[in-house]
Amino acid sequence: MDHGDSPPADTIDVTVPSVARMYDFLMDGKDNYPADRAATEELLKQVPSTKVLALNNRDFLRRVVRRLAEDHGIRQFIDHGSGLPTQDNVHEVAQRVDPGCRVVYIDNDPIVLAHGRALLEQNENTAVIRADMRDTERIWSHPEVRRLINTDQPVAVLFVSVLHCVPDRDDPAEVVRRAAARVPPGSFLVVCQLVSEDEGIRRGVTEFMDRSTGGKWGEVRRERDVAAFLDGTEILEPGLVEVSTWRPDSDLAPKQPSREWIEFGGVGRIVGRPAGGRPHRVTGSGSGPLPGSPGWRRESPPAR
């Protein structure tokens with residue numbers, strides 16, 4: 001079964017670090033190379049909490065997918081910048097809730113495509129396609145997306161730990177808006193990305209990653225920038241937060257140990273753009289102002 005486009009062999013240069021393979025190394029995976037490991041070790045010198053951050057981000061993805069499938073009846077997921085397969089991929093989490101859940105993975109790394117095709121060969125409800133997440137038209141016109149995603153029914157559109165790979169000049173908020181415009185009301189946007197309120201860290205890590213990956217990087221941003229990505233949606237509790245605090249399974253769940261940089265985001269229900277262009281908020285415990293709005297204050301750092 002063909003799950004996407006065949007990767008040209010000459011496009012794979014394992015001497016240049018890949019964000020997907022660096023993440024794989026942080027997740028203790030095996031699909032990485034010396035250049036990826038060296039770049040990751042250098043990154044850890046700048047921001048030592050990065051490994052814990054990566055593990056917490058993966059746990060956030062698991063929780064979000066399970067909650068959307070169990071609590072909101074979502075049966076369709078499209079995962080932008082999915083990265084290399086690891087434990088508890090989106091389709092595995094969703095299909096434990098309902099084997100009929102349909103999942104499309106999007107990534108432009110040819111190694112991701114090769115590994116994804118091997119993993120999904122026998123799964124008719126899941127596909128992986130090679131595409132740039134910014135190319136909305138190509139993604140949504142792809143035969144596998146048209147086969148698996150019914151845009152008359154709610155869809156979960158995932159941009160999990162990936163928008164920091166999109167530079168400001170490519171307008172990541174517009175990338176999210178274009179994807180959201182393809183799905184009906186009642187669908188969900190899941191967005192998180194690497195942020196820091198320390199200008200030195202934002203600049204230093206952005207420059208390092210851009211240089212290391214040969215320009216395949218975007219920006220480490222601020223929390224208020226992530227709020228703009230979910231503009232016009234109804235934000236689910238507990239709002240936009242450091243992701244280890246988004247509906248943890250227990251009080252013993254791992255927390256981010258420091259605030260040097262964090263993975264920040266949440267989930268928004270697509271209900272149409274409200275007056276004034278600000279996201280709605282679901283009422284209830286844990287709700288509050290959005291970053292940058294009157295009355296907002298940063299959460300206290302978690303206890304070490």
Side-chain angles (χ1 to χ4, degrees), residues 53 56-57 60-61 63-64 67-68 72 80-81 133-134 136 156-181 183 185-199 201-203 205-206 217-248 255-256 259-302:
L53 181 152
N56 283 339
N57 173 67
F60 167 72
L61 178 63
R63 294 195 304 277
V64 164
R67 289 296 188 105
L68 290 178
H72 299 278
H80 294 79
M133 78 182 90
R134 295 166 289 192
T136 308
V157 180
L158 311 181
F159 289 93
V160 174
S161 196
V162 71
L163 290 171
H164 44 250
C165 295
V166 180
D168 285 345
R169 65 178 177 272
D170 291 335
D171 197 351
E174 177 60 22
V175 172
V176 175
R177 283 193 291 270
R178 289 198 303 266
V183 297
S187 296
F188 292 86
L189 283 173
V190 181
V191 173
C192 65
Q193 86 138 75
L194 295 168
V195 304
S196 178
E197 299 304 304
D198 183 316
E199 182 181 358
I201 288 177
R202 288 199 308 275
R203 182 176 62 252
V205 174
T206 294
W217 184 253
E219 314 279 342
V220 179
R221 297 187 170 90
R222 303 184 71 171
E223 295 174 13
R224 66 189 185 196
D225 300 319
V226 179
F229 298 156
L230 288 163
D231 188 28
T233 68
E234 182 182 70
I235 306 298
L236 301 191
E237 296 177 6
L240 303 182
V241 295
E242 186 274 305
V243 298
S244 73
T245 67
W246 194 92
R247 303 191 188 186
K255 298 292 191 296
Q256 188 65 19
R259 302 287 298 196
E260 56 193 2
W261 72 340
I262 62 172
E263 194 81 43
F264 182 81
V267 181
R269 182 187 289 115
I270 297 173
V271 293
R273 186 173 297 278
R278 299 298 299 172
H280 291 296
R281 242 338 239 255
V282 174
T283 58
S285 61
S287 64
L290 288 168
S293 65
W296 178 77
R297 64 181 179 83
R298 184 186 312 282
E299 295 177 355
S300 299

Distance, nearest 0.5 Å, that separates CG of Leu53 from CD of Glu260: 9.0 Å
Before giving the answer on side-chain contact (heavy atoms from CB on, under 4.5 Å), spell out for Cys192 and Asn57 the whole-Å C-alpha distance, their side-chain angles and the decisive distance to 0.1 Å. CA-CA 9 Å; Cys192 65; Asn57 173 67; 3.5 Å; yes
What do the steps show when you test Leu163 against Phe229 for side-chain contact (heavy atoms from CB on, under 4.5 Å), and what is the final call? CA-CA 9 Å; Leu163 290 171; Phe229 298 156; 3.6 Å; yes
Contact summary for Ala173 and Ala228, nearest pair of heavy atoms: CB-O, 4.5 Å
Interatomic distance, Thr233 atom OG1 to Phe188 atom CZ [nearest 0.5 angstrom]: 10.0 Å
Sorted by chain and number, sequence neighbours left out, ring-ring contact (aromatic ring centres under 6.0 Å, His included) with Trp217 holds for His164
Rounded to the nearest 0.5 Å, the CG atom of Asp168 sits from the CG atom of Asp225 at a distance of 7.5 Å
Sequence neighbours excluded, which residues qualify as side chain to side chain contact (heavy atoms under 4.5 Å, CB included) partners of Val190? Phe60, Val64, Leu68, Leu158, Val160, Val267
Would you say Gln193's side chain and Glu219's backbone share a donor-acceptor pair under 3.5 angstrom? yes
Validation row: Ile235, Arg269 side chains within 4.5 angstrom (heavy atoms): no
If you look at every heavy atom in Leu230 and Gly266, which pair is closest and at what distance? CD1-O, 4.2 Å
Hits for side-chain hydrogen bond (donor to acceptor under 3.5 Å, both in side chains) against Arg134, two or more places apart or cross-chain, chain-then-number order -> Asp132, Asp170
Partners passing side-chain hydrogen bond (donor to acceptor under 3.5 Å, both in side chains) against Arg202 (at least two apart in sequence or in another chain): none
Heavy-atom closest contact (Ala179 atom, Val157 atom, distance): CB-CG1, 4.0 Å
Under the side-chain hydrogen bond (donor to acceptor under 3.5 Å, both in side chains) rule, what do Glu263 and Ser161 come out as? Steps first, then yes or no, please. CA-CA 7 Å; Glu263 194 81 43; Ser161 196; 3.1 Å; yes
Taking all heavy atoms of Thr245 and all of Pro248, pick out the closest pair and write down the distance. O-CD, 3.5 Å
Any side-chain heavy-atom pair of Leu240 and Glu223 under 4.5 Å: no
If you measure from CD on Glu242 to CZ on Phe264, what distance do you get to the nearest 0.5 Å? 9.5 Å
Rounded to the nearest 0.5 Å, what separates atom OG in Ser196 from atom CZ in Arg221? 13.5 Å
Arg67: side chain to side chain contact (heavy atoms under 4.5 Å, CB included) partners, not counting sequence neighbours: Asp71, Trp246, Arg247
To the nearest 0.5 Å, what is the distance between CZ on Arg222 and CG on Asp198? 10.0 Å
Non-hydrogen atoms of Val271 and Gly232 that approach each other most closely: CG2-O, 4.3 Å
Please enumerate all residues that pass ring-ring contact (aromatic ring centres under 6.0 Å, His included) together with Phe159, with sequence neighbours excluded. His80
